[in-house]
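What follows is a set of notes on a single structure, which appears directly below.
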2 protein chains.
Amino acid sequence: MSDESDSVDGRKARGNKRRAEIIDATLAIVTRDGAAGVTHRTVAKQAGVATSLSTYYFATLDDLLVAALSSVADVYTARIRQIIDGTGDKLRGLAELIAESAGPGRERALAERELSTLAARRPALAPIARRWRENVAELAATLTDDPEAIAALVAASDGLCTAILIDNAPSDPDYVHRILARALDAHAGRTGPRR
Amino acid sequence: MSDESDSVDGRKARGNKRRAEIIDATLAIVTRDGAAGVTHRTVAKQAGVATSLSTYYFATLDDLLVAALSSVADVYTARIRQIIDGTGDKLRGLAELIAESAGPGRERALAERELSTLAARRPALAPIARRWRENVAELAATLTDDPEAIAALVAASDGLCTAILIDNAPSDPDYVHRILARALDAHAGRTGPRR
DNA sequence: GTACAACTTGTACTATCGTACAAGTTGTAC
DNA sequence: GTACAACTTGTACGATAGTACAAGTTGTAC
């Protein structure tokens, strides 16, 4: 009863590894061909396993998409939490995170958006897709108490990501930071810096 | 040589009408089942015509999706132009347009977002998907000269639409208007109202 | 009315999908 | 070593996809 869920090299561990490999393969497919390209066959081929193995771990395609979106969301959640718990400028950290969507993080951000859009139609995906916005809101809540300022920052963050991903908008962190600061510090009567 | 492209009841007219019907059917499918549900067969069934007719007017599925996105974009372009050319409060008009995404315009807005996301991967769709943002930017340009304020307003508009569509955020026009005004009128030193 | 092009349909071919299922392999417990 | 559960594979079935194509219908020009 000592090793319940994480025996170092049991069958469970091997199974979890396979599971993770299949999820990674799914994200690779979403990145390359879009969510529409995700099938048990394409995923299995990408992962280098038999088609049946994908159905063994994920009975339905929805299960697979939910797991994939969860995986992406987890990464972003960890990044934002790192910013929140860190000592640096939180708004600047968010700006840099958003600006990454134009560079190395572009593919992952695109996959996240693709899966999020899918969430509008698949209830199982909705709560996971909500996490990104909730995370940004939580970060914003450490900078202001004004609910509208929080909503404005969330909207600005999302819109900036869209602009960068779809419109190839400029992604200079300083530029992004200024737009975000604008949403946060409107002429609501207050002038001094927060926190 | 009098009636070149718009003879009142010629074969061309009938063809254009059929073409429009198929596009409408496509939008209905995107609204109901998402872009992934668009096939020549489903569209033809929705339109009440033979499957082959869809392929007759739109040789490939991409052609059909491009036409559908164009159709949606045209509607929004006309609405925004109406606001720009009108005499009312432009920012308020935009806020009301965005707030519509929660009500009667939800399906159309969802279809537009779905097709826009698709645009990230299909070059033919990209310039059309860009139109919505360009239209908002044009509206913003009538309210301010600050490029960053314009970018902020565009981002806020897009983010608010996402919040309403994906997150079921509140869609009170007054609320939307305040968020938009916040993005536009930041603490750039100016205080008075515009225009 | 006759011819032609535009329009419309039904049918069929090939490919791929989700899924099921029986069989084989492997690691662990006793 | 023996049994069992987890893992992995190959194969196959029914459904549906894009597409092609020959045939039929209709409106317009002469």
Side-chain angles (χ1 to χ4, degrees), chain A residues 1-26 29-30 32-68 118 121-122 124-125, chain B residues 1-26 29-30 32-68 118 121-122 124-125:
Chain A
M1 200 175 286
S2 60
D3 48 358
E4 174 67 27
S5 60
D6 57 344
S7 54
V8 281
D9 65 340
R11 284 173 296 190
K12 295 276 182 57
R14 186 173 169 80
N16 286 340
K17 187 182 173 188
R18 274 276 193 254
R19 199 183 148 90
E21 287 174 1
I22 293 176
I23 290 177
D24 283 344
T26 302
I29 296 291
V30 174
R32 195 202 316 137
D33 304 323
V38 174
T39 73
H40 282 305
R41 284 181 168 82
T42 56
V43 166
K45 175 172 285 186
Q46 172 74 25
V49 297
T51 301
S52 313
L53 201 57
S54 179
T55 70
Y56 176 76
Y57 284 105
F58 304 95
T60 74
L61 270 185
D62 265 23
D63 291 340
L64 184 54
L65 291 173
V66 168
L118 214 65
R121 226 167 292 276
R122 311 215 186 191
L125 288 173
Chain B
M1 200 176 284
S2 61
D3 49 358
E4 173 69 25
S5 59
D6 56 346
S7 52
V8 279
D9 65 341
R11 283 172 298 191
K12 297 274 181 58
R14 185 172 170 81
N16 287 338
K17 187 182 172 188
R18 275 277 193 250
R19 200 182 147 90
E21 287 174 0
I22 293 176
I23 290 177
D24 283 344
T26 302
I29 296 290
V30 174
R32 193 200 319 137
D33 305 323
V38 174
T39 73
H40 283 304
R41 283 181 169 83
T42 57
V43 166
K45 175 172 286 187
Q46 173 72 27
V49 297
T51 302
S52 313
L53 199 57
S54 178
T55 69
Y56 175 76
Y57 283 104
F58 305 95
T60 74
L61 272 185
D62 265 24
D63 292 339
L64 183 54
L65 290 172
V66 167
L118 214 66
R121 225 168 293 278
R122 312 215 186 190
L125 287 174

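Chain A is the first sequence line, chain B the second, and so forth, proteins listed ahead of strands; every chain is numbered from 1.
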Please answer whether the main-chain N or O of B:Ile22 pairs with a side-chain N or O of B:Thr26 as donor and acceptor at a distance below 3.5 Å. yes

Heavy-atom pair with the smallest gap, counting every atom of A:Thr42 and A:Gly37: OG1-O, 2.9 Å

If I take atom CD1 from residue A:Ile29 and atom CG from residue A:Asp24, how far apart are they, to the nearest 0.5 angstrom? 12.0 Å

Presence of A:Tyr56 side-chain N/O under 4.0 Å of C:dT19 phosphate oxygens OP1/OP2: no

All heavy atoms of B:Leu118 vs all of B:Ala35, minimum pair found to be CD2-CB, 4.4 Å

What integer distance in Å separates A:Leu64:CG from C:dC17:P? 14 Å

Whole-Å gap separating P (D:dC7) and CD (A:Glu21): 13 Å

Treat a base pair as Watson-Crick or G-U wobble with both distances under 3.5 Å, then lay out DNA chain D in dot-bracket form, 5' to 3', with | for cross-strand pairs. ||||||||||||||||||||||||||||||

B:Leu53 CG to D:dC21 P: how many Å, rounded? 18 Å

Below 3.5 Å is the cut-off: list the nitrogen or oxygen pairs between protein and nucleotides 16-20 of chain D, distance only.
{"unit_1": "D:dA17", "atom_1": "N7", "unit_2": "B:Arg41", "atom_2": "NH1", "d": "3.4"}
{"unit_1": "D:dG18", "atom_1": "OP2", "unit_2": "B:His40", "atom_2": "N", "d": "3.2"}
{"unit_1": "D:dG18", "atom_1": "N7", "unit_2": "B:Arg41", "atom_2": "NH1", "d": "2.5"}
{"unit_1": "D:dG18", "atom_1": "O6", "unit_2": "B:Arg41", "atom_2": "NH2", "d": "2.9"}

Using atom CD1 of A:Ile29 as one end and atom P of C:dC17 as the other, report the distance to the nearest whole Å. 10 Å

How many Å lie between CZ on B:Arg18 and C1' on D:dT25, as a whole number? 12 Å

Would you indicate what B:Phe58 reaches in the nucleic acid, counting non-hydrogen atoms under 4.0 angstrom: base, sugar-phosphate, or nothing? nothing

Throw together a table of side-chain donor-acceptor distances under 3.5 angstrom for residues 44-59 of chain B, partners on residues two or more places apart or in other chains.
{"unit_1": "B:Gln46", "atom_1": "OE1", "unit_2": "B:Arg32", "atom_2": "NH2", "d": "2.5"}
{"unit_1": "B:Ser54", "atom_1": "OG", "unit_2": "B:His40", "atom_2": "ND1", "d": "3.0"}
{"unit_1": "B:Thr55", "atom_1": "OG1", "unit_2": "B:Ser52", "atom_2": "O", "d": "2.7"}

